[in-house]
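In what follows, chains carry the letters A, B, and so on, assigned in the order in which the sequence lines appear, proteins first and then strands, with residues in each chain numbered from 1.
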Amino acid sequence: MVDLVAKSPHSGLLPLSAGQLTLTEAAPAFVSSIQARQGKSSALAKALQASHGLTLPEVGKVTAATDHRLLWFGTDQYLLIGAAPAAPSLSEFAALTDQGDAWAVMHLVGAGAAEVLARHCPLDLRTERFGIGQTARAPLADMPAIITPIAQGFEIMVLQSLSRTAVHHLHQAMLSLAAQASLI
Amino acid sequence: MRYSAWEVFRNGLTGNKAWKPVWRDPEPKQRYDVVIVGGGGHGLATAYYLARVHGIRNVAVLERGYIGGGNSGRNTTIIRANYMSTANVKFYSHCIKLWENLEQELNYNVMFSQRGLVALGHSDGQMEAMARRANFCQLEGDGGEVWSLEECRRQMPYLNYDDPRFPIYGAHWHPNGGTARHDAVVWGYARGADRLGVDIIQNCAVQGFRIEAGKVVGVETSRGFIGTTKVGMAVAGRSGEVAAMAGFRLPIESHVLQAFVTEGLKPVLPTVIGFGMGHFYISQSDKGGLVFGGDLDGYNSYAQRGNLPMMEHVAEAGMALMPMIGKSKLLRSWGGINDMTMDGSPIIDRSPVENFFINTGWCYGGFKAITGGGDAFAHLIATGNYHPAADKFTLKRFETGELIDETGAGPRPGRH
Amino acid sequence: MRIDCPNCGSRDRREFQYLGAAVLMDRPAPDAGEQAFVEYVYFRENPAGAHRELWLHEMGCRSWIVAERNMGTHEFASTRLAADVKRGAK
Amino acid sequence: MSRLTSGGQIDRTQPLRFSFDGKSLAGFKGDTLASALLANDIRLVGRSFKYHRPRGILSAGSEEPNALMQLGQGDQTTPNVRATTQELYDGLIAASQNRFPSLAFDLLSVNDLMAPFFGAGFYYKTFMWPKSFWEKVYEPFIRRAAGLGRLSGKADRALYDKAFAHCDLLVIGGGPAGLMAALTAARGGLDVILADEDFAFGGRLNSETVEIAGQPGAGWAAQVVTELAGMANVRLMPRTTVTGAYDGGTYAALQRVSHHLADPADHLPLETFWRIAARRTILAGGAIERPIAFANNDRPGVMMASAVRSYANRFAVLPGQKISLFTNNDDGHRTALDLLRLGADIAAVVDTRGDVAAMGDYPLITGGQVTGTSGRLGLKSITVSSASGRLKVATDCLAVSGGWNPSVHLTCHMNGRPVWREDIAAFVPADNAIPGMRVAGAANGDFSTHAALSAGAAAAAEALGDLGKPAPATVFPAAEDAPIQLEPFWHFTGSKGRAWLDLQNDVTTKDVALAHRENFRSVEHMKRYTTLGMATDQGKTSNVGGLAVMADLTQRSIPETGTTTFRPPYSPVALGALGAHGAGKDFAPSRFLPSDALARELGAHFIEMGVWYRPSLFPQSGETHWRQTCDREMRMVRSAVGITDITPFGKIDVQGADAAVLLDLVYANTMSSLKQGRVRYGVMLREDGMALDDGTCARLGEDHFVLTTTAGAASDVFAHLEFCTQVLRPELDVQFFSVTDQWAQFSIAGPRSRELVSGLCDEDISNERIPYMACAEVTIGGIGCRLFRISFSGEQSYEIAIPARYGEALARELGQRAAALGGGWYGLEALNALRIEKGYLTHAEMTGQYTADALGIGGMVSAKKDCIGKVLSQRSALVGPGKMELIGLKPVSPLKQFSGGAFLFSQGARQVLGNEEGHVTSHCYSPSLDHVIAMAFLRDGRSRLGEHIIMKDNARGIEAVCEVCPMVHVDPDGERLRG
């Protein structure tokens, strides 16, 4: 039998640091899309509560349990991160797809993380408007991305085929901000 | 007064006191044989050719503001005929032939500069499209050639060949292309038409049309009613509104297209360059400013101003293509309203209203089409027949499917 | 330019893709005839004032949005999810 | 030296060396290049655009039309730098522009002698004969003479950056109004951004001797800035010009990050271009002093009075030894008092007003006018006329104050038209010209310090109110509240000499008169004809003066004559900054294949396909021409097995009870009848009847499909499906999600493909179980994969989709196993040629201009059901005679290659436009046939099989007779596919 070795989209790219800032890989064990079937949102909510202990997040929000969480992704669409979906019980009310290999997940952390992200992302990143418990899909240097605030920084998800470009842009911005931090 | 170096000298000696108005400001008459709505390049050229070619001199050009205040004065002044369809190549090639004699014909220096235009290709497929452009031009006797990468390097050493995101494979060299001084074109045609008896009436807004039994008989304006036998509409950017006054709709959306100019610089760019991969085109004006533009802002608009995303994208494309321009500074940006048709090609045709003719849908290409557009429109108004160089620009094509869609973008005007 | 996505709130225009007039919501019946489709696909009011139009929140939640926007000032009067508008129309 | 021994805001402990036109000079930190030049007694700094007249420093701000410099040397030299805003740093190298051979002796100053013939628009009347001379003689000469500074022609290597920012309140301008507004708003709890183009906040307070709250204005400003800097809700942005106002409260701003540094650190950007989204904005950009037009008012030494105060008070430089003033308002007198206090010698104060008294000990001429000047390279004297006659006054600096123009510029950016205010004889911003913006202070015509402070506080209080916050109690500082005392005076008409309006473009009052005479009377015509206001300052110092002259000529008031308007940017922005993140590879995102690293190890050649990098060829040693590689790879696929990475194809997972309903709507053919475990080729149309895309549709379950799209159309197709489900049919129970990046996908094609795949899969994949156009879930090495029996090469072929993390590992495994079977990797060149041999379509044919019928797949359009695009694909010209049809071409006699972009002509037809009957879309050499083949569109092509036609490529000089043939050249019956 062939032995296939998995490779991370960030292999050879991360971690990186500049000044106070770090960019590290944060690959979750599972990512799945969950899309409610027509008219089945509340049934799905109950099923998710029962199987994963999670409530359906409101628009732009995240609900979390200890080791997994649910991100709002679009109208009646969610990403379940960190746990495999309880397929049989959920499938009745939702379409599921495995997204565990589709996304490259990074953590950008440190003082000035928002400034780094603001080099390439038009979101309003001010903490009081976009804090922990929230999530947003937004462009990062013209690439689709999912941005989720975490302690002292952001979780950034980009499509795996674009990870190299995303890391390149974030790294350049980290270097620039680190240099500007030393400017009076 | 005929313009010449001698007249410039003679008048200079006498304090330039004897120069005459370039066009008159007459009061509108009660009735004209033809009323042209729109005092831009196309409207004025149409009036000029009606008078000169067809001998129809009882013509008024009605302009809401000042002549040349619309797209004629808001473009990047590029003139070219390197199109990808029989209909457009035939027409724009006709335009260039008129441009080539325009200064002598109008006795006005419109500074038509056939400095040549380079259209870059960035893949094998694009190079085949460039070859097709070149072949189209050659069929029309317009010369031109396909440049290799090596020739591009030789001709344009300042382009980015070192670390391009989209490498240059070669180019189509279109020697007949170039630029002209946009305002001068308007003023030259105005002077020419005025001298043939055409009344140019500025500050005269059209407010409606009098239509009797399906036939137009006059124009309601802010300066009163003006009777006419025929109406020619040439109101780029406002065609939808004017057509609505006459009671019909068009296959057109109005979109804003921005254009840009930098501070003056010593000569650095001898030709016009088009970078299709980045939707970017650039030339250097005689005053020294780099004049450039890009794609539509992407949404319907009548506001004559654009927004940042496209402005930035255009500059990014400029930096991607020719990083030598980084230290030049953007001086001014402006927006023109383009009548974008559903297939990206113009309309010169009759309308559902009898004796009401339309010249519209020039998309990005209206400036270069002023000569031929005016000629073909005058021909249609005067004779009732399509000009042979513009006989495919009909309204009917949207019903028959005989579209002139060069980009293949389909009925999505913002993408043409 | 900023656009209020009914889901995501105020976002930069560069996240959105414009399609065209909202008349595209009303596709003729399959048997409506060729002329009805010609009108539907090609002919537009193109008003200089208020305009109903379709945008896609392409780089965000990927909702199609019906916006009312003034073509002279670019000011948005309203934005609604196209799916809601369409369902409401039924 | 003109430097005062004390005072000013320069740091005398930090002396700096710099050079101008090769001459080494000294200045201090805190200087601008302009103040340092004046401190070194340099008055001649440039030449005008047209007449090459000597020019000196006019202003102390970004409105400067004269003192434009070439900065730095070599390939990173920067043109058109305003000396008045460039901070001095050690080692700065500046040179004057637009002169030859030297600044003091400029050959083209001969143009000035020709001025009678070089009036406005003279070039429209001449240079027409002979016809060919325009491009050959006149234009090259004009172009060489025109232009200001120069680019090196080499790549700009500076780093530029871009960023987004968001705030509750953006305050533009850090003078008294802006500081007060920012302070009030910040204390009230708003998120505030305060931007000022200067390197020091304070605005005019830094240049004036006014007091606020009993202390010097500059000191008060510093105190406010200290408080603001300590607040978490405030972002201070000095050296930042807000350059444009756009829709929805979006503003552009340019931050000069390191222009002031002699030796910037690595990674430090030169400039950052900001996009600021603000809920509210206060424009407090101040006002710009305006000149007065009189004969020879353009000499070096003629300056704005406000600039003279700036140089004297802020930079401790006296711009002249014997200074005179010409004013129509009290500012001229204030200037004289400031100068006297600093020990300057005042030659005269000339006031156009009759009933004013001197405010101090200086000679005053009331009811007077400056009517002329002398001094070739610098001012020597002025001529003054008054009731008491004409008087010549020796002076080397004339400070002019013609009143103030509020900085309305940003308020015009959304088509707002400023309105005339008679009491200050100036345009002020129209109300609500920019939604969400308020204007405060001098920008709104409130010129006194007190008025500016109170207007700033009031505007901030209103902004707080808008955003639902109460205004804080603010202790309001006391300041001067002198009312404006101005008598409009624009230009002196009595003398014969030329009076300049636009100093850079050399537009004089005579040019405006000529424009009027020739009927260029609309303000826009006047501007375009004379070029007034079109110079690098965009009319900041000249527009209103020009309007006033035209108003006089037409005997109308200024507001009746027209208004002044401005377009973005407020001051010029380097394209490097505007285009930051665009240079080089950063221009577009780059997408890489799962097998990218392996392909690079194998030495593959890559090409850009949209945003993807894909291997085009896998050359082996000894192969020197791409065709050798391509031909070998094709033979390998036809004889053994080839592997290629097709991950970029769009993959869409579609589920739901109505999934088949959606697919029947979007595909021209029927998908609802597809059996589970089977795959069908499909084509989608646009509503206008043209083909949008093609691909495969696999049915994994009753309500579960997976579609593929072409790589280039993936995002369009996805948006199209969203349009259909959200906009057209929201009632459908259908869910879909992109799985393009989830799955790495490889094609394994060739007669030995089954051998290869069956060795990998844990399941039976025999032809019986997985026949042509079947699909199944399989496991490889324990990993769940999807197997599709589909082909784009015409061979027995499989596609394996595997979770992306295993993509590279599977690629390596496939490559090794293929090699063992005599196969290997093939690239896009071979892939393309293989499909041409089979007559399969790509976007070289599916260009959006052709119906399914034209593409030869019209039979796929189901007659039994509706689909998007069906109705309009039946329009008369699309189904009638003469329509384009895709066909194959083969040469009649030996031909080296077909020519993409070549036209097809009937034999004997004249080869002129309109007679072409089609064109070649794709072509290749077919190793199987050992000759070249092509695909082409040809009018009525399918009914012309066997006909000989001419292929003509003029551009490449290729002409050949070809035979029209079917598109399928290899295995027309598809036996290999099914084998």
Side-chain angles (χ1 to χ4, degrees), chain B residues 3 5 8-9 12 16 19 21-22 66 86 90 103 108-109 113-114 125 128 131-132 134-135 138-140 145-146 158 163 165-166 183-184 263-268 286-288 307-308 312 315-316 318-320 323-334 400-402 405 408 410-411, chain D residues 78 80 116-117 119 122 124-128 135 139 142-143 146-148 150-151 153-156 246-247 252 514 517-519 522 524-525 528 536 567-568 572-576 578-579 582-585 587-588 608 686 688 690 847-849 875-878 900-901 903 912-914 954-955:
Chain B
Y3 290 159
V8 168
F9 179 69
N16 289 308
W19 294 109
V22 175
Y66 59 95
T86 313
K90 184 166 64 172
E103 279 140 8
Y108 204 83
N109 188 354
S113 168
Q114 276 184 301
E128 305 205 330
R132 215 166 129 214
N135 280 319
Q138 294 218 350
L139 285 186
E140 195 59 11
E145 52 195 274
V146 175
Y158 40 78
D163 65 338
R165 179 64 183 81
F166 299 107
D183 292 326
E263 296 176 345
L265 299 159
K266 291 295 174 193
V268 70
D286 287 343
K287 268 189 78 181
N307 273 296
L308 281 170
E312 292 176 37
E316 286 166 19
M319 289 302 290
M324 73 158 171
I325 62 176
K327 293 189 194 302
S328 64
K329 296 192 207 72
L330 177 75
L331 178 61
R332 188 175 168 90
S333 62
W334 61 95
T400 63
E402 208 176 359
D405 180 356
Chain D
T78 308
N80 304 342
F117 316 111
F122 80 98
Y124 300 128
K125 298 168 180 162
T126 181
F127 299 134
M128 287 179 274
E135 282 95 350
E139 188 180 47
I142 289 168
R143 292 189 68 173
L148 298 164
R150 62 183 172 81
L151 292 177
K154 296 287 189 290
D156 182 1
Y246 299 90
D247 286 310
L514 178 61
R517 199 172 295 133
E518 298 193 86
N519 201 17
S522 137
E524 285 293 327
H525 282 153
R528 288 153 184 263
T536 55
R567 300 261 172 217
V573 178
L575 293 188
L578 193 57
K585 291 269 195 287
F587 179 53
E608 299 75 12
R686 292 192 311 232
D688 68 343
M690 306 304 165
T847 57
Q849 297 156 307
R875 281 176 287 175
S876 59
L878 302 175
F903 285 122
V912 294
L913 194 69
N954 279 310

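Atoms OG and CZ, on B:Ser328 and D:Arg150 in that order, are 14.5 Å from each other to the nearest 0.5 Å. For the atom pair CG (D:Leu148) and NZ (B:Lys287), the distance works out to 8.5 Å, reported to the nearest 0.5 Å. We find the CG-CE distance between B:Asn109 and D:Met128 to be 5.5 Å, quoted to the nearest 0.5 Å. Between atom NZ of residue B:Lys90 and atom CG of residue D:Leu913 there is a gap of 7.0 Å, rounded to the nearest 0.5 Å. Atom CG of D:Leu578 and atom CG of B:Leu330 lie 6.0 Å apart (nearest 0.5 Å). Atom CD1 of residue B:Ile325 and atom CG of residue D:Asp156 lie 9.5 Å apart, to the nearest 0.5 angstrom.
Only the side chain of D:Arg686 comes within less than 4.5 Å of a heavy atom of chain B; its backbone N, CA, C and O stay farther away. Contacts between B:Glu402 and chain D at a heavy-atom distance below 4.5 Å involve backbone atoms as well as side-chain atoms. Of the atoms belonging to D:Met690, it is side-chain heavy atoms, and not backbone ones, that fall under 4.5 Å from chain B. Residue contact with chain B, scored on non-hydrogen atoms closer than 4.5 Å, involves the side chain of D:Ser522 exclusively. With a 4.5 angstrom heavy-atom cutoff, D:Lys154 touches chain B only via backbone atoms. With a 4.5 angstrom heavy-atom cutoff, D:Leu514 touches chain B only via side-chain atoms.
Taking the side chain as every heavy atom from C-beta outward, B:Asp286 and D:Glu139 approach each other to under 4.5 Å. Taking 4.5 Å as the limit, every side-chain heavy atom of D:Thr126 sits out of range of all side-chain heavy atoms of B:Tyr3. Counting heavy atoms from C-beta outward, B:Glu103 and D:Phe127 have side chains that stay 4.5 Å or more apart. The side-chain heavy atoms of D:Asn80 and B:Lys329, taken from C-beta on, include a pair separated by under 4.5 Å. Between B:Lys327 and D:Thr78 there is a side-chain heavy-atom pair separated by less than 4.5 Å.
Most heavy-atom pairs under 4.5 Å with chain D, from the set B:Tyr66, B:Phe9, B:Tyr158: that is B:Tyr66. Heavy-atom pairs under 4.5 Å with chain B were tallied for D:Gly119, D:Ala252, D:Ala955; the largest tally goes to D:Ala955. Ranking B:Ala5, B:Gly401, B:Gly125 against chain D, the residue ahead of the rest is B:Gly401, based on heavy-atom pairs under 4.5 Å. When each of D:Pro572, D:Ala146, D:Pro116 is checked for heavy-atom pairs under 4.5 Å with chain B, D:Pro572 comes out on top. Listed options D:Gly914, D:Gly900, D:Gly576 were ranked by heavy-atom pairs under 4.5 angstrom with chain B; first place goes to D:Gly900. When B:Ser113, B:Ala131, B:Ala184 are compared by the number of non-hydrogen pairs under 4.5 Å with chain D, B:Ser113 comes out ahead. Highest contact tally toward chain D, considering only B:Leu265, B:Asn135, B:Thr86, is held by B:Asn135 [criterion: heavy-atom pairs under 4.5 Å]. Between chain D and the residues B:Leu139, B:Val146, B:Val8, the most heavy-atom pairs under 4.5 angstrom are made by B:Leu139. The choice from D:Pro568, D:Ser876, D:Ala583 that makes the most heavy-atom pairs within less than 4.5 Å of chain B is D:Pro568. Your options are B:Pro267, B:Gly288, B:Ala134, and the one with the most heavy-atom pairs under 4.5 Å with chain D is B:Pro267.
The closest donor-acceptor contact from the side chain of D:Glu518 to the backbone of B:Val22 lies at 3.5 Å or more, if one exists at all. The backbone N or O of B:Asn16 lies less than 3.5 Å from a partner atom in the side chain of D:Arg517, making a donor-acceptor pair. In this structure, the side chain of D:Thr847 does not engage the main chain of B:Gly408 through any donor-acceptor pair within 3.5 Å. Put simply, the side chain of B:Asn307 gets close to the backbone of D:Asp247: a donor and an acceptor are under 3.5 Å apart. Checked by atom type and distance alone, the side chain of B:Arg165 never pairs as donor or acceptor with a backbone atom of D:Phe587 at under 3.5 Å.
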Trace of the side chain to side chain contact (heavy atoms under 4.5 Å, CB included) decision for B:Trp19 with D:Lys125: CA-CA 11 Å; B:Trp19 294 109; D:Lys125 298 168 180 162; 3.4 Å; yes
Decide yes or no on side chain to side chain contact (heavy atoms under 4.5 Å, CB included) for B:Arg132 and D:Phe903, but give the supporting numbers first. CA-CA 8 Å; B:Arg132 215 166 129 214; D:Phe903 285 122; 4.1 Å; yes
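Of all non-hydrogen atoms in D:Asp688 and B:Gly410, the two that sit nearest each other are OD2-CA, 3.8 Å. Residues B:Ala320 and D:Gly582 come closest through the heavy atom pair CB-O, 3.3 Å. Closest approach of D:Leu575 and B:Met319 over heavy atoms only: O-CG, 3.7 Å. The two residues D:Asn519 and B:Pro21 make their nearest non-hydrogen contact at CB-CB, 3.8 Å.
Ring geometry for D:Tyr124 against B:Tyr108 counts as parallel: the plane angle stays under 30°, on a 0 to 90° scale with 60° as the upper cut.
Side-chain atoms of B:Asp405 and D:Gln849 include no donor-acceptor pair closer than 3.5 Å.
Between B:Asp163 and D:Lys585, no side-chain nitrogen of the basic residue sits less than 4.0 Å from a carboxylate oxygen of the acidic one, so the salt-bridge criterion is not met.
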